[in-house]
Novice: 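The following block contains the structure, expressed as structure tokens.
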Amino acid sequence: MTDLVAELRLLREEVSSLVKTIPGPVASVSLRVGDCALEIAWERSGTAAAAPRPETRDEPDDLIDDGVRTVVAPLVGTFYVAPEPGAAPFVRPGDRVEAGQAVGIVEAMKLMNQVASEWSGEVVEVAVADGQPVEFEQVLVRVKADQS
Amino acid sequence: MTDLVAELRLLREEVSSLVKTIPGPVASVSLRVGDCALEIAWERSGTAAAAPRPETRDEPDDLIDDGVRTVVAPLVGTFYVAPEPGAAPFVRPGDRVEAGQAVGIVEAMKLMNQVASEWSGEVVEVAVADGQPVEFEQVLVRVKADQS
Amino acid sequence: MIGKVLIANRGEIALRIARTCREMGIGTVAVYSTADRDSRVVAYADEAVHIGPPHPRRSYLYMPNIIEAALRRGADAVHPGYGFLSEDPDFAEVCAENGLVFIGPRPDVMRRLADKAEVRARMAAAGLPVLPGSEGSVPTLAEAEDVAAAIGYPVVVKAVAGGGGRGIGVAADRAELPEVYRRTSAYARAVFGNGAVYLERYLPVTRHVEVQVLCDQAGNAFHLGERDCSLQRRNQKLVEESPSPGLSEAQRRRLGEYAVAGARAVGYTGAGTMEFLLDPAGDVTFMEMNARIQVEHPVTEMVMGIDLIREQIRVASGLSPSFTQSDIRPHGTAIECRINAEDPRAAFRPTPGRLKVFQPPGGPWTRVDSGFAEGDEVPPYYDSMIAKLIVWAPDRDQAIARADRALAEFAVEGAGMETTIPLLRSLITHPSFARAEHTTRFVDEFLPTALS
Amino acid sequence: MIGKVLIANRGEIALRIARTCREMGIGTVAVYSTADRDSRVVAYADEAVHIGPPHPRRSYLYMPNIIEAALRRGADAVHPGYGFLSEDPDFAEVCAENGLVFIGPRPDVMRRLADKAEVRARMAAAGLPVLPGSEGSVPTLAEAEDVAAAIGYPVVVKAVAGGGGRGIGVAADRAELPEVYRRTSAYARAVFGNGAVYLERYLPVTRHVEVQVLCDQAGNAFHLGERDCSLQRRNQKLVEESPSPGLSEAQRRRLGEYAVAGARAVGYTGAGTMEFLLDPAGDVTFMEMNARIQVEHPVTEMVMGIDLIREQIRVASGLSPSFTQSDIRPHGTAIECRINAEDPRAAFRPTPGRLKVFQPPGGPWTRVDSGFAEGDEVPPYYDSMIAKLIVWAPDRDQAIARADRALAEFAVEGAGMETTIPLLRSLITHPSFARAEHTTRFVDEFLPTALS
């Protein structure tokens with residue numbers, strides 16, 4: 001029961017955060033975690049005037065999903081772009097990655113944690129320089145995911 | 001059974017929290033946890049039911065001048081409706097007053113200050129009872145002013 | 001005992017008084033001008049009476065409406081706060097005539113204190129050091145020239161009816177005296193309705209030190225330590241602290257004795273302040289006595305652990321204070337910063353308007369007295385002080401660090417609004433202030449650098 | 001001296017620690033979960049590091065991310081606050097292994113203190129009064145029955161790894177013991193991962209009195225007076241005060257001596273709390289020792305004029321405290337009220353959500369420690385305390401009046417939000433509290449009336 005509550009809350013929290021952080025009017029959200037699933041559809045309306053649209057014209061391009069996805073740090077530590085000093089980096093911008101492929105390492109408590117891309121596609125950016133400290137969920141690498 | 005009830009309640013609470021936290025008018029929500037599922041669809045309407053309409057219709061009548069004007073206390077003191085105890089009141093509702101005519105007295109620092117109407121017209125209300133304390137600019141008498 | 005108090009003031013001091021009344025179980029009647037309709041104290045007090053339009057002359061200075069409000073609402077006492085009617089003997093008299101306890105000294109004492117030249121003479125007679133100067137007022141320029149020649153230049157020409165730094169002129173030499181005499185007298189006639197002036201020797205580099213006194217109706221007089229108010233800009237205090245840094249115990253004791261002797265000499269009752277100048281040699285001279293609670297009273301409260309508003313009410317009720325002189329021992333240091341809605345870069349022009357953001361600091365030993373809350377409007381009709389920040393710490397260094405920490409936390413924003421917060425931070429963290437070397441001229445000398 | 005502190009906590013205590021660090025000129029690193037992204041301390045601290053998702057197990061309790069954050073940001077010390085990792089010996093050890101000063105006692109001392117049965121034995125050996133009970137833990141029911149027969153019913157069964165009121169069962173007689181023994185042991189195994197329990201005689205009507213201690217690394221131990229925390233609901237403190245009303249000077253002195261002797265007996269360093277029960281006859285018995293700064297530490301600060309966080313940091317830096325035992329003299333009375341976002345009418349269910357209105361009180365001797373400001377979101381993942389209100393006054397009656405005044409000023413509103421403010425007001429203004437006759441059972445007995 002407690003776990004269920006926690007999961008539900010997480011689900012809700014995640015959706016709220018998500019909706020808050022993505023600019024522009026969202027049409028629908030669908031989120032599934034194990035047995036839990038949440039779907040929300042917003043009213044699509046010519047009556048869009050009724051909806052509070054604070055930043056409507058700020059970044060119109062964001063309405064179009066450009067397919068760029070992020071690989072984030074799973075924990076706090078130091079980011080390394082290569083498996084060892086002097087070695088070639090895991091990925092460079094322009095490289096192709098497959099889902100599950102390592103894109104970097106976060107060292108924490110002297111352990112090397114490989115970070116894998118969840119997406120298959122093209123590396124657009126390695127956002128953190130080698131040897132820099134990273135926070136939880138800090139964006140490490142941007143990948144333009146393949147159209148599915 | 002208890003668990004099921006509890007789960008349902010959780011679902012409901014989560015959905016209402018969710019709907020409160022996400023911006024914009026929601027068209028439908030669907031939430032599934034294990035065996036439980038909750039779906040809600042809002043009425044899609046040309047009517048603005050879903051849209052928050054803050055102050056549009058709050059006091060539309062104020063736009064229409066009903067011609068009622070107020071005579072207010074020029075100072076703090078005690079209001080008297082008549083020139084002396086036992087005498088007839090200066091004005092009664094329904095009476096006609098001319099601009100400059102006394103409608104009451106405010107006693108302050110043992111001085112009797114006659115209060116005159118600025119308006120010619122019909123007395124609608126004497127808003128303060130005889131012998132009551134009044135504040136600065138407190139409404140004493142309401143007059144429906146003549147159309148000019 | 002007083003059962004219901006009308007608070008004849010506005011802003012932070014009105015709320016300050018209402019808070020203590022609430023804690024004492026005493027009812028409160030707030031009065032307000034149209035501009036203060038939505039102010040905190042109006043919402044806070046048990047009752048509130050609208051007494052007039054924004055202009056003070058027709059509201060907070062207009063006695064008939066205030067007296068009527070007190071009588072109609074059944075108040076048995078009036079607390080005048082500071083400013084407005086607080087030092088007006090006529091108001092104290094009218095209160096008495098209407099059976100209202102005026103929380104302050106007796107009208108005759110207030111009248112006596114309003115004549116600065118007479119007070120000076122009385123204090124000198126009571127053994128207090130006063131600067132060499134005229135005996136009483138100086139009605140002619142010829143007489144002024146004789147007195148100035150006797151006491152030596154530079155001399156200060158002061159309005160008999162002045163106070164708080166207003167109605168003062170300095171003549172560097174004989175050539176300047178006629179113009180300074182004429183100007184000061186004309187100002188005094190125009191502003192105070194009384195052109196009489198007196199002369200004193202000018203003390204160039206000084207500290208402003210004042211002693212809090214409290215006298216009950218049975219003739220007991222107490223002093224509650226001193227405050228240093230040397231951080232001033234054109235006689236407007238910006239920062240106050242207690243105790244005064246750098247005084248020896250002997251100086252402190254002597255100041256206290258002077259203050260009590262002076263208060264007795266004028267038959268004082270209630271809370272009052274004896275102001276002194278402290279010269280670089282450590283000598284003090286009496287300056288003036290203020291017959292009211294002062295803006296900076298909280299620094300005394302924090303180091304003494306005594307609620308001065310409570311004591312004022314006790315004494316006005318005929319009770320003795322809740323302490324004896326031997327209970328009064330200062331602990332640590334308290335500093336007050338006056339936060340004004342003003343633009344120091346534009347000659348301290350007031351910047352009234354809506355407080356879009358108003359988040360006072362919190363945490364240990366951080367006291368904020370304010371009459372405003374977020375969303376409130378600072379009206380343009382009154383003084384521009386929006387809050388007093390008072391901190392306490394075991395020693396002065398820690399108190400300065402705490403004041404700076406708290407000032408940094410204080411968030412105030414509004415369209416076109418500027419505050420003295422950045423200036424206060426640069427003043428209190430200045431090495432001269434840390435070493436307590438600042439004089440009353442420090443701010444004026446420091447300002448051009450601070451604002452550039 | 002410590003130059004940069006990582007604050008391994010959230011909410012009011014994180015901001016409280018950051019404020020003192022700022023005043024001391026020490027850099028601060030805040031850590032935060034996703035839910036606290038917009039919290040005050042994140043904005044306030046010099047640096048902030050996102051350490052994990054809302055669930056504490058993956059953020060505020062997740063050592064690797066906290067240690068990495070400290071190392072990566074160059075912190076040389078970690079302040080754990082209260083709760084979370086503050087009493088975890090492993091965390092203290094990991095800090096030490098990574099060259100970080102853990103602001104708290106040594107890991108071995110913390111380990112010792114985690115075993116309540118062993119602490120009890122050590123305190124008894126040091127001459128502190130403990131309730132009749134078992135020597136160490138009681139591994140079998142048969143043994144428990146023997147011990148209970150010897151000390152007399154009712155008896156309390158306590159988890160060795162418990163504390164703060166968790167893991168406790170009372171057996172009124174022999175018939176009840178097997179079930180209470182089994183239940184407490186099972187709870188302890190499930191919650192603390194250690195099912196060991198010990199027995200003590202049950203003390204029915206009591207006051208909860210605790211003594212603040214501070215020990216430096218040179219072996220000096222100081223006591224800073226006591227706090228009375230008798231207003232509790234199911235072992236959750238609601239109101240705390242210092243000094244404890246009704247103690248004689250002799251009792252107070254004896255408590256202080258016990259506290260120092262006890263702290264020495266376990267080799268304590270840093271700030272800690274010795275908890276005692278006070279029975280109606282005025283006798284005290286040792287209950288437990290808490291190896292952390294406590295929620296209610298401000299009441300000690302206010303009566304002593306000592307910043308306990310500053311002293312923690314000094315002592316952790318190897319310095320001695322800024323005071324000696326003879327400096328420590330309490331002044332007046334301080335009361336703390338814990339303001340929780342909970343609905344007392346719905347079994348104290350937390351009511352998280354956005355603080356649409358959040359206006360803390362101000363004015364004299366009114367301190368608010370809070371991690372929130374207006375507009376902030378109270379997340380549902382952590383405890384529901386949204387602010388601590390602490391007031392000081394020269395005596396207890398005035399402190400109660402001031403607390404009530406300040407509580408009345410405290411405006412908190414939000415969709416569906418309820419707070420403990422109305423309940424706190426009815427508790428502190430209750431005649432039993434005014435006369436200081438309340439015991440630890442007062443709230444539970446009074447609640448049905450208060451809420452009806």
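Protein chains get the first letters and strands the later ones, always in sequence-line order, with residue 1 at the start of each.
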Novice: Could you tell me if the side chain of D:Arg19 sits less than 4.5 Å from the side chain of C:Glu409, heavy atoms only?
Specialist: yes

Novice: So which of C:Gly305, C:Pro361, C:Ala401 has the biggest tally of heavy-atom pairs under 4.5 Å with chain D?
Specialist: C:Gly305

Novice: If you look at every heavy atom in D:Trp365 and C:Arg367, which pair is closest and at what distance?
Specialist: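 So the two residues come closest at N-CD, 4.3 Å.
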
Novice: If you count heavy-atom pairs under 4.5 Å with chain D, which of C:Lys388, C:Gln398, C:Met24 comes out on top?
Specialist: C:Gln398

Novice: Let me know if D:Glu374 has heavy atoms under 4.5 Å from chain C in its side chain, its backbone, both or neither.
Specialist: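 When you check distances to chain C, atoms from both the backbone and side chain of D:Glu374 fall under 4.5 Å.
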
Novice: Can you find a pair of side-chain heavy atoms, one from D:Arg22 and one from C:Arg402, that are under 4.5 Å apart?
Specialist: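 No; the side chains remain at least 4.5 Å from each other.
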
Novice: What residue in D:Ser322, D:Pro298, D:Gly363 has the most heavy-atom pairs under 4.5 Å with chain C?
Specialist: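 Greatest number of close heavy-atom pairs with chain C: D:Gly363.
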
Novice: D:Asp404 versus chain C, heavy atoms under 4.5 Å apart: side chain, backbone, both or neither?
Specialist: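 Neither part; nothing is under 4.5 Å.
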
Novice: Name the region of D:Tyr44, side chain, backbone, both or neither, that has any atom closer than 4.5 Å to a heavy atom of chain C.
Specialist: side chain

Novice: Name the region of C:Ile309, side chain, backbone, both or neither, that has any atom closer than 4.5 Å to a heavy atom of chain D.
Specialist: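 Interface part for C:Ile309: neither.
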
Novice: Going by heavy atoms in the side chains, are D:Met302 and C:Pro364 under 4.5 Å from each other?
Specialist: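 Not touching, per the 4.5 Å side-chain cut-off.
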
Novice: Before you tell me yes or no, could you show the steps for C:Arg329 and D:His331 under side chain to side chain contact (heavy atoms under 4.5 Å, CB included), namely the whole-Å CA-CA distance, both residues' side-chain angles and the distance that decides it to 0.1 Å?
Specialist: CA-CA 11 Å; C:Arg329 224 169 301 135; D:His331 295 278; over 6 Å; no

Novice: Given that the side chain runs from C-beta out, which part of C:Glu301 has a heavy atom under 4.5 Å from chain D: side chain, backbone, both or neither?
Specialist: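 Interface part for C:Glu301: both.
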
Novice: Looking at chain D, which one of C:Ile390, C:Asp307, C:Thr366, C:Ile400 has the largest number of heavy-atom pairs inside 4.5 Å, strictly under?
Specialist: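 Top count of heavy-atom pairs under 4.5 Å with chain D: C:Asp307.
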
